[in-house]
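Numbers for residues simply follow the sequence, beginning at 1. Keep in mind that what you see is a predicted model, and the values were worked out from it rather than measured.
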Amino acid sequence: MEILEEIAPLLGSLASSNHVYAKWGAISEVTIAEQVFDLVTVAQADWAHQAVAGAVGPASAREIEAALEPVEAAGAVALMTNLSAFDLVYSRHHLRDRDHAERAATRVAKLLGRGASWVTNTEDMGNGRAWTPVTRHGIDVVVAGSTVEHFVILLALGDD
């Protein structure tokens with residue numbers, strides 16, 4: 001089975017709630033920041049009714065790129081797990097089975113392999129977390145991984 005054929009249902013599963021978005025594909029001339037910006041555009045259109053009037057976020061892939069920092073693979077797996085399993089605003093509210101989310105996130109990371117590069121806009125998913133916004137919504141977290149051949153992105157939004 002080709003990697004993307006296996007990644008598709010895994011990321012679809014991780015993004016099964018209405019506040020989590022996923023994107024994956026083959027690497028092209030487009031940067032990971034441009035791929036994230038494309039996904040942010042889709043998410044913001046879906047969540048337009050939730051946006052605070054006048055709220056602004058990054059307006060370009062370059063601004064998204066400035067928000068992204070490297071993260072180790074283990075940290076990326078933890079982020080993907082938590083983005084899928086817990087609500088960003090009400091972190092004690094479970095959206096899905098955490099063990100299932102962790103298995104799916106672990107498999108995604110294994111499919112990309114040890115040479116994958118991972119980035120995020122957050123320092124931690126716990127209380128007191130800090131992040132650099134990539135959307136115009138109150139809370140957002142993105143984690144993205146890429147190799148020379150493939151990329152994966154998981155984006156979660158919330159408004160408090």
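The shortest side-chain heavy-atom distance between Ile139 and Leu157 does not fall under the 4.5 Å cut-off. Phe37 is not listed as a side-chain neighbour of Glu63, based on a closest heavy-atom distance of 4.5 Å or more. The shortest side-chain heavy-atom distance between Gln35 and Ser28 falls under the 4.5 Å cut-off. Side-chain contact between Leu155 and Val141 is absent, with no heavy-atom pair separated by less than 4.5 Å. Within the 4.5 Å cutoff, the side chain of Leu4 has heavy atoms near those of the Trp24 side chain. Between Val20 and Leu14 the shortest side-chain heavy-atom distance does not fall below 4.5 Å. Residues Val148 and Ile27 are not in side-chain contact: their nearest non-hydrogen atoms beyond the backbone lie 4.5 Å or more apart.
Atom-to-atom distance recorded for Ser84:OG and His19:NE2 is 8.0 Å, nearest 0.5 angstrom. Of the inter-residue distances, the one linking Ile64 atom CD1 with Asp38 atom CG reads 10.0 Å to the nearest 0.5 angstrom. Note: Thr147 OG1 to Trp118 CH2 = 10.0 Å, rounded to the nearest 0.5 Å. Taking CG of Leu11 as the start and CD of Glu6 as the end, the distance is 11.0 Å to the nearest 0.5 Å.
When all heavy atoms of Ala22 and Leu39 are compared, the closest pair comes out as O-CD1, 3.9 Å. Residues Pro58 and Pro133 approach most closely at CG-O, 3.4 Å, considering heavy atoms.
Glu149 meets the side chain to side chain donor-acceptor pair (under 3.5 Å) test with no other residue; sequence neighbours excluded.
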**OP:** Report the C-alpha distance between Ser13 and Arg96 in whole Å, list the side-chain angles of each, state the deciding distance to 0.1 Å, and finish with yes or no for side chain to side chain donor-acceptor pair (under 3.5 Å).
**Re:** CA-CA 10 Å; Ser13 172; Arg96 65 163 324 137; 3.3 Å; yes
**OP:** Tell me, with the steps shown, if Met80 and Glu102 meet side-chain contact (heavy atoms from CB on, under 4.5 Å).
**Re:** CA-CA 8 Å; Met80 288 189 288; Glu102 185 175 38; over 6 Å; no
**OP:** Please assess Thr135 against Trp47 for the test side-chain contact (heavy atoms from CB on, under 4.5 Å), listing each intermediate value before the final yes or no.
**Re:** CA-CA 10 Å; Thr135 72; Trp47 275 60; over 6 Å; no
Which pairs would a plain distance check flag for residues 108-115, meaning a side-chain donor or acceptor within less than 3.5 Å of a matching protein atom at least two apart in sequence or in another chain?
none

Contacts table for residues 65-74: side-chain donor-acceptor under 3.5 angstrom, sequence neighbours left out:
none

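Of the residues listed (Leu154, Thr122, Val152, Asn121), the one engaging Val143 in a side-chain contact (heavy atoms from CB on, under 4.5 Å) is Leu154, and it is the only one.
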